[in-house]
Number of protein chains: 2
Amino acid sequence: MRLLIVEDEPGIANFLKQGLEEESYEVDLADNGKTGLDLALNNNYDLLLLDWIVPELSGLEITIKFRAQNTITPIIFLTAKDTLQETITALKQGANDYVKKPFHFEEILERIKVQLRPKTAKNELLMLNSIHINLGSRQVFKNKKEIILTQKEFDLLTYLIQNQGSICTRIDIIKDVWDIHFEYNTGVIDVYINALRKKLNLQKEDDFIQTVRGVGYIAKEL
Amino acid sequence: MRLLIVEDEPGIANFLKQGLEEESYEVDLADNGKTGLDLALNNNYDLLLLDWIVPELSGLEITIKFRAQNTITPIIFLTAKDTLQETITALKQGANDYVKKPFHFEEILERIKVQLRPKTAKNELLMLNSIHINLGSRQVFKNKKEIILTQKEFDLLTYLIQNQGSICTRIDIIKDVWDIHFEYNTGVIDVYINALRKKLNLQKEDDFIQTVRGVGYIAKEL
DNA sequence: CAATTATTTTAAGCTAATCTTAAGACTAGA
DNA sequence: TCTAGTCTTAAGATTAGCTTAAAATAATTG
């Protein structure tokens, strides 16, 4: 998971960065709004942590400009501006949470986790056609018979099924399943799709993983 | 939108209920944890607002029991228990937000809206007449029915629709869709226009792609 | 901690779908 | 009616995705 922190006080910025890196997040820093927005727009972060008062472009302005392009990446404000009006404004403009300074690192961390928490959670059961998936035990069944998948195979399959009915672009997949956030074009995805189709014994007629040429794949109820 | 408030102090409960109803939410109240959990599990609410300290079953217990069954309905804590440890525990157990009393109604309202905000809208939608285009997933629909287009077909169609109402010259098209920047005169464009008309089943009378003789094409609202 | 085994990634040839070309049929306007 | 411009078709060129095997990593075990 990759985060961007926009914060001009080096003390706070580095404190957060270090703490989050210990939790194995990748963290980028921007010490002003302009580079912050720039990074945010060009780097597929999973979450943005914004201070309100930063040079060149305020956190609020970043939010507005960023939300015009991207409405899903969560934004958490972390700021000394603590009036009611400011909180409301930020949330209205697209922030997902608003935490007032001074803050406890543990609370920030937990609030970040909330935002990044997958909508379908552990131990839930996923199913599509003859496939059943137990997210808790990471088991996959086809017609009640268990299919042994590797980690990545499992991750890719559940990703596709959790997004069933909507196209997963290669960029989405490489970002969300491989956690790679830059231009990337090897055949990994193809190899794994191939492995899934083989292990799940999907023939042309019952292949619920459809390829969308030039775009990606889509898992569909048949 | 339907909300459930679990809160035993009638003053706060009614204050919230009234305020939220004015914002045209439907609101149910429970004054103890047991009926609260019961209602929550049997009534497809869009969001739960929980106090921590309520009789019979605490807000935290409700959260744990509820999350075992339902992992998507957002839960907001609204409580006087305000230590770091309590906040973290609630968020860890599945709460989506945690607001400390005393609170401002406007902030609660805004935080509720954040939770209910649709998460999908990453994809820009284009439309013209009966055609809908999802730029993110590169899907095209005519009267809600998906039409499968190839890459170039898709690019050309979106180009025309993005420039709807103004003429796209052949030079423009070859430059912007094919990325060819010199004099070029084959029939490619014609071939693709033809393919679009065919796949979108455009007859003379509903063909929003009009030919401008000697110049190019124009997509027009009919 | 080296050896073994399993997983993930890269790379390359192959296949099938898409893109382009070109040639003949058609059409609108002079 | 004639002609320039457009439409249509089908065959050849190109490219994206499939498949396989082997190389690089990571995990496990004696």
Side-chain angles (χ1 to χ4, degrees), chain A residues 24 138 140 147-160 167-219, chain B residues 137-140 147-160 167-205 207-219:
Chain A
S24 68
R138 295 180 69 91
V140 175
I147 310 286
I148 304 297
L149 298 184
T150 70
Q151 294 277 96
K152 273 273 147 60
E153 287 164 359
F154 181 86
D155 291 344
L156 177 57
L157 179 63
T158 53
Y159 182 76
L160 290 172
I167 292 180
C168 305
T169 68
R170 282 163 182 277
I171 294 171
D172 290 339
I173 294 173
I174 214 73
K175 171 164 163 281
D176 295 336
V177 179
W178 269 264
D179 204 26
I180 291 172
H181 297 259
F182 46 87
E183 189 68 28
Y184 192 69
N185 56 337
T186 44
V188 230
I189 295 174
D190 310 45
V191 171
Y192 273 84
I193 291 284
N194 184 242
L196 282 178
R197 298 215 252 232
K198 231 179 199 167
K199 285 199 179 178
L200 296 172
N201 192 31
L202 302 175
Q203 309 299 326
K204 273 258 166 61
E205 60 276 11
D206 72 336
D207 189 353
F208 62 86
I209 303 174
Q210 290 180 16
T211 103
V212 184
R213 213 150 212 272
V215 185
Y217 297 89
I218 179 172
Chain B
S137 65
R138 298 180 67 95
Q139 284 173 300
V140 175
I147 310 286
I148 304 296
L149 298 184
T150 69
Q151 295 279 94
K152 272 275 146 63
E153 288 164 359
F154 181 87
D155 292 344
L156 176 57
L157 178 63
T158 52
Y159 181 76
L160 289 173
I167 294 179
C168 304
T169 69
R170 283 161 181 279
I171 294 171
D172 288 341
I173 295 173
I174 214 72
K175 183 161 141 281
D176 295 336
V177 179
W178 269 264
D179 204 26
I180 292 173
H181 297 261
F182 46 85
E183 189 67 27
Y184 192 69
N185 55 339
T186 44
V188 231
I189 295 174
D190 310 46
V191 170
Y192 274 84
I193 291 286
N194 183 241
L196 282 178
R197 286 176 172 151
K198 230 180 201 167
K199 285 200 179 177
L200 296 172
N201 192 30
L202 302 175
Q203 308 300 327
K204 276 260 166 61
E205 61 277 11
D207 189 354
F208 62 85
I209 304 174
Q210 290 180 18
T211 306
V212 184
R213 213 148 209 275
V215 186
Y217 298 89
I218 180 172

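Convention: sequence-line order gives letters A, B, ...; per-chain numbering from 1.
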* **4.5 Å side-chain heavy-atom contact, Asp172(B) and Tyr217(B)** => no
* Structure fact -> Within residues 150-160 of chain B, the residues having a heavy atom closer than 4.0 Å to DNA chain D are none
* Asked: Heavy atoms, side chains only, cut-off 4.5 Å: are Lys152(B) and Trp178(B) in contact?
  -> yes
* Asked: Do Val212(B) and Thr169(B) have side-chain heavy atoms sitting under 4.5 Å apart?
  -> no
* Examine dT6(D): is either OP1 or OP2 under 4.0 Å from a nitrogen or oxygen in the side chain of Arg170(B)? Give yes or no. => yes
* With the side chain counted from C-beta on, respond yes when Thr211(A) and Ile193(A) share a heavy-atom pair under 4.5 Å apart, and no when they do not. => no
* Donor-acceptor under 3.5 Å (Arg197(B) side chain, Ile209(B) main chain) -> yes
* Asked: Taking side chain as C-beta onward, heavy atoms only, is Val177(B) less than 4.5 Å from Tyr192(B)?
  -> no
* Using a heavy-atom distance cut-off of less than 4.0 Å, which residues of residues 184-204 of chain A contact DNA chain D? -> Asp190(A), Val191(A), Asn194(A), Arg197(A), Lys198(A)
* Would you mind reading off the distance between Asp179(A) atom CG and dT9(C) atom C1', rounded to a whole angstrom? => 16 Å
* Any Arg213(A) side-chain nitrogen or oxygen under 4.0 Å from OP1 or OP2 of dT15(D) -> no
* **Student check: side-chain heavy atoms of Arg170(B) and Asp190(B) closer than 4.5 Å** => yes
* Separation of dT21(C) C1' from Ile174(B) CD1 (nearest whole Å) -> 12 Å
* Check whether more than 12 heavy atoms from other residues, nucleotides or ligands sit under 6.0 Å from atom CD1 of Ile171(B), and answer yes or no. => no
* Report yes if some heavy atom in the side chain of Asn201(A) is under 4.5 Å from a heavy atom in the side chain of Ile147(A); otherwise report no. => no
* To do: Measure from the side-chain N and O atoms of Asp206(A) to the backbone N and O of Gln203(A), and report whether any donor-acceptor pair falls under 3.5 Å.
  => yes
* Structure fact -> As a check of understanding: the bend across the helix from dC1(C)-dG30(D) to dA30(C)-dT1(D), end axes from five pairs, rounded to 10 degrees, works out to 30°
* OP1, OP2 of dC19(C) versus side-chain N and O of Trp178(B): anything below 4.0 Å? -> no
* Just one of Arg138(A), Lys198(A), Lys199(A) clears the salt bridge (charged side-chain N to carboxylate O under 4.0 Å, His left out) bar with Glu153(A), so which one? -> Lys199(A)
* Starting at atom CG of Leu149(A), determine the distance to atom C1' of dT8(C), rounded to an integer number of angstrom. => 14 Å
